[in-house]
Amino acid sequence: MSRSILMVLLATLLSPALAHAAEPRPIPKLAPEEAAAAEADYQRYCALCHGPDRAGHANDHAPSLKSDSLLRTAFPWLLRESIAYGRPGTPMGGYLDEIGGPMSLDEVRRMVLWLHEQGGSPEPIRVGSDRVAGNAEAGAGVYAQHCASCHGDEGEGVTATALGNPAMLATTPDNFLRYAIEHGRDGTPMESFAGTLSPTQMDDVTAFLRSRATGWNSDPRPLVPPPALADAVLNPEAAAPEFEFKNGHYITAADLDRILKEKRRLVLLDTRVASMWQIAHIEGAVPIPYYSNPGEVISALPRDGTWIISYCECPRAAADSVNKFLREEGFTNTAVLWEGIGGWVALGYPTAVGRADK
Ligand code: HEC
Ligand code: HEC
């Protein structure tokens with residue numbers, strides 16, 4: 001990594017405010033082959049949730065990546081940050097190789113430029129890092145009345161972005177939020193509130209969101225090499241698990257917990273972006289992200305009827321796509337965790353962390 005890239009990255013990490021204050025530089029243009037490579041990365045890594053056309057909401061209520069409103073206020077820093085580090089606690093994982101993802105920093109930067117170009121290269125608005133002085137208490141009332149139906153009582157995101165997510169709040173300046181509220185996100189269910197709320201109310205609800213940005217500590221952990229696919233079979237000597245399918249080809253969290261405790265012979269695949277496996281996974285799972293090389297996967301998995309169970313966060317989109325592919329390739333005993341790892345955790349079942357000190 002070159003020194004200048006490192007410095008830029010450090011500046012972004014240490015202080016979003018500093019990064020936003022940087023002088024605007026001319027926006028580089030992608031050569032055709034770079035754009036083609038970025039598009040291929042996009043279709044491979046992002047289309048699953050954000051849709052092949054970047055309109056969002058294909059899965060997991062992933063936001064639009066083509067709205068003028070987002071591209072103007074998030075380009076380039078916030079886009080880069082969201083893609084590189086994700087939004088821990090939401091289905092948006094981080095894609096940077098440093099945290100266990102599949103993309104180099106250059107590939108992330110190329111993706112950011114490509115998204116901006118695809119969106120018609122709108123002139124970026126520098127939202128700056130000034131605080132929006134509003135009354136958070138009054139804002140709580142505005143939030144409950146106008147926002148909670150989509151964004152959730154606790155900002156957990158029902159059909160929309162998780163506004164209470166500490167990773168989001170830690171990386172977005174007040175005026176980024178304020179702009180989204182005032183202008184909406186064109187082409188999405190997020191309408192402009194300019195006609196509904198007064199400027200003071202918009203300030204108040206921004207202050208309310210900001211007041212909730214506590215409790216997130218980044219916890220840098222050394223990456224652990226994931227287990228090799230060749231060692232994917234758990235309890236190779238044991239008998240096959242027994243369980244009933246739910247809704248076609250799903251296994252419930254209760255059944256998965258039971259067959260893991262019974263130490264049955266099976267393969268457990270974590271199909272999320274690989275950085276998520278590093279953060280937490282179900283014990284025994286091997287990371288086979290939904291964007292894996294299909295040839296490598298099928299040549300490494302056992303063809304002897306061993307059960308192959310996939311899961312993701314979504315709760316099912318990424319795992320379903322891997323499962324469908326396995327079925328098409330002739331693997332017969334395959335299932336997907338119905339609740340996803342989010343449901344698994346919420347139900348109180350255990351996870352393991354990819355820690356080097358374990
Ligand atoms: C498993 C589904 C999933 C995949 C795959 C995924 N995302 Fe996301 N992404 C999400 C969700 C959900 C959010 C919103 C998270 C939240 O609630 O804060 C999001 C948020 C974002 C944001 C922030 C947008 C905003 O409105 O603030 C960007 C930028 C983004 N994703 C880009 C990408 C890119 C680029 C890729 C591929 C490298 C990708 N995502 C892959 C689900 C996904
Ligand atoms: C009808 C449902 C709905 C309502 C009501 C709603 N939103 Fe949204 N909001 C969304 C959706 C969907 C998105 C993601 C849009 C996209 O695809 O880019 C969003 C995005 C946002 C974003 C951008 C977040 C990011 O990471 O880019 C902010 C900020 C936001 N909403 C704030 C609010 C506030 C504050 C209110 C209440 C005043 C509100 N919203 C009301 C649906 C809604």
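Count residues from 1 along the sequence. In what follows, every heavy atom counts, from backbone to side chain, and hydrogens, waters and symmetry copies are set aside. In each ligand, atom 1 is the first atom listed, and ligand 1 is the first ligand listed.
Y250 and D255 share no donor-acceptor pair across their side chains, judged by distance under 3.5 Å alone. Side-chain contact annotation: T334 with N323, donor-acceptor N/O pair under 3.5 Å present.
Between M190 atom SD and H151 atom NE2, the angle centred on atom 8 (Fe) of ligand 2 amounts to 180° (nearest 10°).
Heavy atoms of Y42 found under 4.0 angstrom from ligand 1: none, in either backbone or side chain. For L197, every heavy-atom contact with ligand 2 shorter than 4.0 Å involves the side chain, none the backbone. Of all the heavy atoms of V142, none lies under 4.0 Å from any atom of ligand 2, so neither backbone nor side chain is involved. Contacts between F176 and ligand 2, counted as non-hydrogen atom pairs separated by less than 4.0 Å, involve the side chain only.
Contact annotation: the side chain of W307 never approaches that of I259 to less than 4.5 Å [non-hydrogen atoms, C-beta and beyond]. Between D304 and R265, some side-chain heavy-atom pair lies under the 4.5 Å cut-off.
When only non-hydrogen protein atoms are considered, atom 12 (C) of ligand 1 lies nearest to D60 O, 3.4 Å. Nearest protein heavy-atom contact of atom 17 (O) of ligand 1 is A162 N, 2.7 Å. H146 O, 3.2 Å is the protein heavy atom nearest to atom 5 (C) of ligand 2. Remark: minimum distance from atom 42 (C) of ligand 2 to any protein heavy atom is reached at A160 CB, 3.6 Å. With respect to atom 37 (C) of ligand 2, the closest heavy atom belonging to the protein is C147 SG, 1.8 Å. Regarding atom 15 (C) of ligand 1, its nearest protein heavy-atom neighbour is T90 OG1, 3.5 Å. Looking from atom 1 (C) of ligand 2 to the surrounding protein, the closest heavy atom is C150 SG, 2.8 Å. Looking only at heavy atoms of the protein, atom 25 (C) of ligand 1 is closest to L70 CD1, 3.6 Å. Ranking protein heavy atoms by distance to atom 28 (C) of ligand 2, first place goes to L163 CD2, 3.7 Å.
For the ligand labelled ligand 2, residue T196 lies outside the 4.0 Å heavy-atom shell. Judged by the shortest distance from any of its heavy atoms, N59 lies outside the 4.0 Å radius around the atoms of ligand 1. Residue contact check for ligand 1: N165 places no non-hydrogen atom closer than 4.0 Å to it.
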Kindly list each side-chain donor-acceptor pair under 3.5 angstrom involving residues 33-41, sequence neighbours excluded, with atom names and distances?
unit_1	atom_1	unit_2	atom_2	d
E34	OE1	A31	N	2.8
E39	OE2	Q43	NE2	3.2
D41	OD2	R110	NH2	2.9

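Rounded to the nearest 0.5 angstrom, N293 CG and I298 CD1 are separated by 9.0 Å.
Of the candidates Y291, Y95, F75, Y95 brings a heavy atom nearest to atom 41 (C) of ligand 1.
Heavy-atom neighbours of E156 CD from other residues, nucleotides or ligands within 6.0 Å: above the threshold of 12. Counting heavy-atom neighbours within 6.0 Å of E191 CD, excluding the residue itself, gives a total of 12 or less. Around CD of E329, the count of heavy atoms belonging to other residues, nucleotides or ligands within 6.0 Å exceeds 12.
In summary, the aromatic rings of W114 and Y42 are positioned with their centroids under 6.0 Å apart.
Ligand 2 has an N or O atom lying under 3.5 Å from an N or O atom of H57, backbone or side chain. On a distance-only criterion, R185 and ligand 2 share at least one N/O pair closer than 3.5 Å. Of the polar atoms of T159, none of the N or O atoms is found under 3.5 Å from an N or O of ligand 2, judged by distance alone. Taking distance alone, with nitrogen or oxygen atoms compared against 3.5 Å, S64 approaches ligand 2 more closely than that limit.
Residue contact check: L79 has heavy atoms under 4.0 Å from atoms 29 (C) of ligand 1. Counting atoms of ligand 2 from 1 in the listed order, those under 4.0 Å from a heavy atom of A180 are 22 (C), 23 (C), 28 (C), 29 (C). Every atom of ligand 2 with a heavy atom of I181 under 4.0 Å away is listed here by number and element: 32 (C), 35 (C).
Ring-plane geometry between Y143 and H151 is classed as tilted, the angle between the planes lying from 30 to 60 degrees on a 0 to 90 degree scale. Using a 30° and 60° split on the angle between ring planes, F243 and F245 fall in the perpendicular class, above 60°.
Taking the centre and axis of the six-membered ring of Y179, the NZ or CZ atom of R126 falls outside the cone set by 45° and 6.0 Å.
Residue-and-atom listing of protein N/O/S atoms under 2.8 Å from atom 8 (Fe) of ligand 1, sorted by chain and number: H50 NE2, M92 SD.
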